[in-house]
Protein chains: 4
Amino acid sequence: MTGPGLVLRERRPQGTCVELAPGLALGARPFVVMAGPCAVEDERQIHEAAAAVAQAGCPVLRGGAFKPRTSPYTFQGLGAAGVRLLADAANRHGLAAVTEILDPADLPLFEGVALLQVGARNMQNFALLRKLALINKPVLLKRGPSATVKEWLLAAEYLLAGGNSQVVLCERGIKTFETEMRNTLDLAAVALARELSHLPVLADPSHGTGRRSLIAPLCRAAFALGADGVIIEVHPCPERALSDGAQSLDFKGFAEIMQALYAPLPAIARAMSASAQ
Amino acid sequence: MTGPGLVLRERRPQGTCVELAPGLALGARPFVVMAGPCAVEDERQIHEAAAAVAQAGCPVLRGGAFKPRTSPYTFQGLGAAGVRLLADAANRHGLAAVTEILDPADLPLFEGVALLQVGARNMQNFALLRKLALINKPVLLKRGPSATVKEWLLAAEYLLAGGNSQVVLCERGIKTFETEMRNTLDLAAVALARELSHLPVLADPSHGTGRRSLIAPLCRAAFALGADGVIIEVHPCPERALSDGAQSLDFKGFAEIMQALYAPLPAIARAMSASAQ
Amino acid sequence: MTGPGLVLRERRPQGTCVELAPGLALGARPFVVMAGPCAVEDERQIHEAAAAVAQAGCPVLRGGAFKPRTSPYTFQGLGAAGVRLLADAANRHGLAAVTEILDPADLPLFEGVALLQVGARNMQNFALLRKLALINKPVLLKRGPSATVKEWLLAAEYLLAGGNSQVVLCERGIKTFETEMRNTLDLAAVALARELSHLPVLADPSHGTGRRSLIAPLCRAAFALGADGVIIEVHPCPERALSDGAQSLDFKGFAEIMQALYAPLPAIARAMSASAQ
Amino acid sequence: MTGPGLVLRERRPQGTCVELAPGLALGARPFVVMAGPCAVEDERQIHEAAAAVAQAGCPVLRGGAFKPRTSPYTFQGLGAAGVRLLADAANRHGLAAVTEILDPADLPLFEGVALLQVGARNMQNFALLRKLALINKPVLLKRGPSATVKEWLLAAEYLLAGGNSQVVLCERGIKTFETEMRNTLDLAAVALARELSHLPVLADPSHGTGRRSLIAPLCRAAFALGADGVIIEVHPCPERALSDGAQSLDFKGFAEIMQALYAPLPAIARAMSASAQ
């Protein structure tokens with residue numbers, strides 16, 4: 001990396017904690033699970049999702065309002081109204097909210113949102129990054145589907161160099177030749193990003209695989225290799241979801257995963273830290 | 001393609017001509033060569049380049065002013081001043097100018113520019129596309145380095161659906177595993193894009209290969225398969241270029257290529273059209 | 001390249017000619033078109049194909065007998081009988097034959113075959129390459145679908161280093177993320193291979209794209225950038241082909257392409273050589 | 001999958017155990033760690049490695065004797081002598097041996113080897129697979145670096161359909177655009193292969209990443225998502241290794257990883273099985 005290298009681990013060997021709310025930080029153990037629907041569809045859907053997410057013990061609600069879609073004729077999200085519905089639902093259930101921003105001109109709409117997502121397609125939208133570097137709010141930077149880890153860290157460097165050091169990285173699957181999965185969740189890159197950088201790193205197994213059945217094992221793997229959290233799609237009724245239904249969990253499946261995931265984590269953590277001594 | 005499909009060949013079997021200046025159109029024969037430096041560096045450099053481009057018989061001057069760069073510490077272009085220098089140089093030599101726009105807020109700066117480039121990293125920057133759909137100026141949409149032809153056409157569809165049908169496609173090399181070339185110029189995609197869409201299609205062998213020696217043969221191939229033009233990097237002194245020196249031609253090399261390229265084209269065109277009867 | 005570099009252009013700046021039959025060489029102009037069905041299916045089919053190929057003025061008949069297939073339950077070719085049928089059909093129509101060899105133990109079966117193909121999946125089957133290095137017969141080395149040009153040349157180096165310098169390279173499409181084409185025909189790699197190596201280089205637009213409509217433009221492009229020939233799939237009745245029907249031409253389509261391709265080539269060649277002076 | 005689908009999970013929902021030696025099976029818990037040098041270099045090296053592997057509690061010794069190398073001028077392994085040295089060393093320390101076979105003609109040399117490896121480059125070498133289908137010995141089928149999971153399973157299907165059901169799958173990293181790692185270890189494919197097939201699945205984090213520092217976290221992740229084992233490179237003196245030194249562990253590093261890996265596994269396993277109830 002030619003230049004300052006503000007994102008590099010050597011700058012902060014102990015790692016960075018990004019605070020989303022009082023008492024809720026990414027980069028500090030414990031492992032954080034964020035969950036919610038791909039898109040905010042209406043008030044009832046997002047409130048039901050928020051209730052289920054809160055009940056499962058997850059502290060962060062996700063939900064897309066401005067949706068970047070490959071085709072202009074696909075559902076593009078509820079926009080400003082979606083952000084409001086998401087923030088309300090999160091607030092009512094004591095959750096922090098995370099959602100994607102596409103256009104810096106929309107920034108005033110995101111006041112109730114704790115974590116602004118830069119989507120994978122915008123990882124190298126430098127005009128957007130430069131503007132998010134100027135605000136005082138955490139940014140979730142998704143890795144582009146064909147970006148190297150170095151390109152991803154350099155995109156984060158735009159944020160830090162511009163003045164915003166509250167940056168969280170998120171691996172959401174890369175493009176490969178695999179056809180049975182929507183993307184290939186690159187857990188090796190999660191491990192590498194944590195080695196090279198002091199920023200917290202999440203994994204998104206829902207977008208990363210597009211297969212419900214793989215979410216639980218990949219969440220456990222992400223935890224075991226040291227990721228700081230995961231982000232999962234949950235929907236009251238996946239079959240009727242306006243987007244990404246195939247990879248969304250229903251509430252029952254979600255509760256089971258949370259159970260299967262959270263229950264062993266303390267024991268795993270104890271065992272791993274014991275063996276590390 | 002679910003939805004209108006405004007970009008599809010069947011909508012305009014005869015193809016679309018995009019006019020850059022009176023008497024200068026893309027999509028109508030003859031084949032158009034655009035040339036110029038990767039980045040506008042100073043007044044002298046861009047004027048020398050413009051003179052060489054004009055002398056070689058190319059009608060369009062390229063030159064980057066807002067440069068999207070992987071690292072925030074790399075030369076980012078001269079910005080607004082660069083656009084002015086480019087437009088002046090083009091104007092003085094009777095050329096049309098093409099340069100990249102990163103941020104729609106910069107639009108007023110581009111008045112003297114005939115063709116606005118959306119760079120490969122921004123192919124799916126839908127906020128930018130939506131705004132460029134509202135203006136009355138031709139847009140050059142570069143293909144993302146990992147985008148499928150369908151994703152590329154759907155990005156163009158955002159422009160047409162939003163009201164701007166003056167769109168030119170440009171293949172600039174895809175990411176592959178090849179290490180001897182900077183990218184892999186995907187000429188098959190040029191042929192496919194021309195089959196599927198009525199929009200003019202260009203190839204960029206400079207970015208597409210990063211090797212000076214391959215520019216001439218790939219230009220001839222692009223012509224032979226029906227591309228509407230090429231865009232080539234030329235620099236007064238490639239060794240001292242602030243970016244992309246290794247793939248830039250000097251003026252002598254450029255003149256030779258123009259000679260080797262243009263001289264046989266009429267004969268090739270005659271031969272091909274004769275054999276097609 | 002660490003080591004002798006027998007394949008490199010600098011070893012034989014003038015290029016290598018590989019002779020398939022008296023008066024028929026690859027690497028010497030003129031451009032050679034090889035054609036025939038994906039697989040030899042029965043005597044009648046291959047004889048009809050041979051007749052059409054000969055009538056179109058192509059000097060080489062292709063046809064698979066030992067077919068490497070992804071699934072063990074897909075048609076695997078006629079094996080030894082297929083090689084015999086191909087050699088007979090070629091012989092009867094004054095053509096040279098090319099077909100794939102999978103197992104060096106089968107070598108005695110290939111006596112009537114002028115050019116032994118090493119398929120893309122076997123490009124790095126070094127046990128096979130080492131044995132083909134010991135024989136006195138031309139080998140057609142297809143590029144692996146994810147191989148770099150350097151890896152391809154190093155696979156050819158195994159043949160030359162082992163004693164067989166009658167090697168022809170063939171680009172047949174690489175794996176990319178494109179879904180509208182079966183593979184991505186990498187014409188830039190054809191140009192690069194010709195620059196780096198003295199060996200003849202062919203392109204296979206049938207496997208390379210899987211789309212009939214792209215074969216003619218890509219053949220012209222291959223010619224225009226300096227390839228030494230192309231290899232095309234032709235079948236008496238593509239709809240009934242046991243493999244690769246969708247990309248095969250019928251005899252009428254093939255004759256049209258040959259007409260469209262061959263007719264302008266002399267004029268293109270004259271124009272290009274005139275402009276090169 | 002068109003055809004019998006012998007590899008599919010539904011054929012044997014409980015999974016397949018492949019026995020390497022009495023009391024040593026892959027596919028049955030516990031998790032198996034295989035270790036040893038990339039290549040057998042001499043008697044002393046492989047005996048030292050075997051001793052270290054045995055002492056760390058790993059039951060399987062790896063070591064290459066026939067090495068498929070991209071260049072003919074790179075060290076190609078000790079061949080038959082290497083297989084003998086490996087089998088002796090394994091035998092003397094009570095270990096099972098695994099090594100790669102390139103040519104079925106060499107089969108008689110592999111009597112003392114418990115597990116025959118088909119390397120990534122040969123995953124679709126169907127001539128080799130057909131012959132290994134006829135023997136009564138376990139085969140380790142590495143995934144090709146650009147193969148889909150389905151193509152990998154269909155290659156395994158060649159073995160099962162031909163009569164050999166003692167097949168173990170091994171993910172060893174895929175080709176991606178990442179440059180900081182040698183390959184991208186595709187743990188999602190490990191999870192998917194275990195879902196789709198009843199065969200045991202291993203991961204190879206040494207080849208898969210080429211970085212020593214990533215081996216421990218990726219081994220833990222492989223365990224946590226349900227892999228049946230891992231295969232790791234260990235060398236008495238990585239700096240002097242004839243191949244793959246950069247990704248090999250020395251004995252001290254290896255012992256630390258084994259400690260860090262094995263110690264928590266029982267606790268993790270207990271916790272996970274408790275939470276699954």
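Labels below follow one simple rule: chain letters A, B, ... track the order of the sequence lines, proteins then strands, and each chain is numbered from 1.
At a threshold of 4.5 Å between non-hydrogen side-chain atoms, the residues L192(A) and R211(D) count as touching.
For the atom pair E178(A) CD and E151(D) CD, the distance stands at 8.5 Å (nearest 0.5 Å). Summarising the geometry, atom CG belonging to L153(A) is positioned 8.5 Å from atom CD belonging to E180(D); distances are rounded to the nearest 0.5 Å.
Partners of A221(A) under the side-chain contact (heavy atoms from CB on, under 4.5 Å) rule, at least two apart in sequence or in another chain, are L187(A), A221(D), L225(D).
Both the backbone and the side chain of S146(A) come within contact range of chain D, judged by heavy atoms closer than 4.5 Å. Within the 4.5 angstrom heavy-atom criterion, atoms from both the backbone and the side chain of S213(D) approach chain A.
Within residues 193-200 of chain A, the residues having any heavy atom less than 4.5 Å from a heavy atom of chain D are, in residue-number order, E195(A), L196(A).
Heavy-atom pairs under 4.5 Å with chain D were tallied for I174(A), T184(A), L214(A), L185(A); the largest tally goes to L214(A).
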